[in-house]
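We count residues from 1, following the sequence as given.
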Amino acid sequence: MALAVCAVPHFPLQRDGVPLGLHAFTVGLSVLCTVLALILVVRPGTVVLTGAVVVPAVLAGTHAYGGSFPSSALSRAVALSLAPTWLAASAAVAAALLALAALVVRVASPLSGARFAPWPPPDPHRATERPPAEA
C-alpha cells in the first residue's frame, strides 16, 4: 500500500518542454512502484521485498541529495513529480521503511518458507476401514 502511495506523488502530469526520454523515465519510476505494490499483494517474496526497499530508498535519496547532482537523469526525473518535494520524499521514505520492516519480518520468521497447516491432512486409508463385526 505504501508503494502505491509513493507512486502517486512521483507521477509527472505535464511534459512542458521536458525531453521525451526523461518524461518516460519518470513515468517508468512511478509505474515501477505501482507494479512492485501489486506484486507484493500477490506474492510477498524476499526478492520483491528487496526491490520494494531499494526503489523508494533511491527515490528518497535522490530527493535528499538531488541538488548535489543536478545534471543526473534521476534528479531531473524526480523534479518532475506531481507533489511537492517534501511530500514525495516523505512518501518514499515511509514506503522504504515499511518495506524494510516487512523484509526483516519475512527473513527473521521461522516459518518463512513453510505454509502453516492447523492440522495434518486426512489419511485416505483410515476413512475406508471398518471395524470388525462382532459375532
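Cluster membership check: Leu103 shares its hydrophobic cluster with Leu3, using side-chain heavy-atom separations under 4.5 Å among Ile, Leu, Val, Met, Phe, Trp and Tyr. Both Val48 and Val107 are members of a single hydrophobic cluster when ILVMFWY side chains are connected at heavy-atom separations under 4.5 Å. Linking Ile, Leu, Val, Met, Phe, Trp and Tyr whenever their side-chain heavy atoms come within less than 4.5 Å leaves Leu98 and Val53 in two separate clusters. Note: the hydrophobic cluster containing Val5 does not contain Leu40 (ILVMFWY, side chain heavy atoms under 4.5 Å, direct or indirect links). When hydrophobic clusters are built by joining Ile, Leu, Val, Met, Phe, Trp and Tyr residues whose side-chain heavy atoms come closer than 4.5 Å, directly or via intermediates, Val54 is grouped together with Val78.
Residues Leu59 and Ala92 share a closest heavy-atom pair of CB-CB, 4.2 Å. In this structure, Pro9 and Ala91 approach most closely via the heavy-atom pair CG-CB, 4.1 Å. A pairwise comparison of heavy atoms in Pro56 and Gly51 identifies CD-O, 4.1 Å as the closest pair. Minimum heavy-atom separation, Ala4 to Ala37: N-CB, 3.9 Å.
For the atom pair Leu22 CG and Leu74 CG, the distance stands at 10.0 Å (nearest 0.5 Å). The CZ atom of Arg106 sits 10.5 Å away from the OG1 atom of Thr50 when rounded to the nearest 0.5 Å.
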Listed pairs under 3.5 Å, donor-acceptor, residues 27-34 side chains, sequence neighbours left out:
| unit_1 | atom_1 | unit_2 | atom_2 | d |
| --- | --- | --- | --- | --- |
| Ser30 | OG | Ala7 | O | 2.8 |
| Thr34 | OG1 | Ser30 | O | 3.0 |

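Pairs of residues two or more places apart, or lying in two chains, never qualify as ring pair (Phe, Tyr, Trp, His ring centres under 6.0 Å) while including a residue from residues 14-55.
Screening Thr85, Val93, Val58 for a side-chain contact (heavy atoms from CB on, under 4.5 Å) with His63, the sole residue that qualifies is Thr85.
Contacts of Ser75 classified as side chain to side chain donor-acceptor pair (under 3.5 Å), with partners at least two apart in sequence or in another chain: Ser72.
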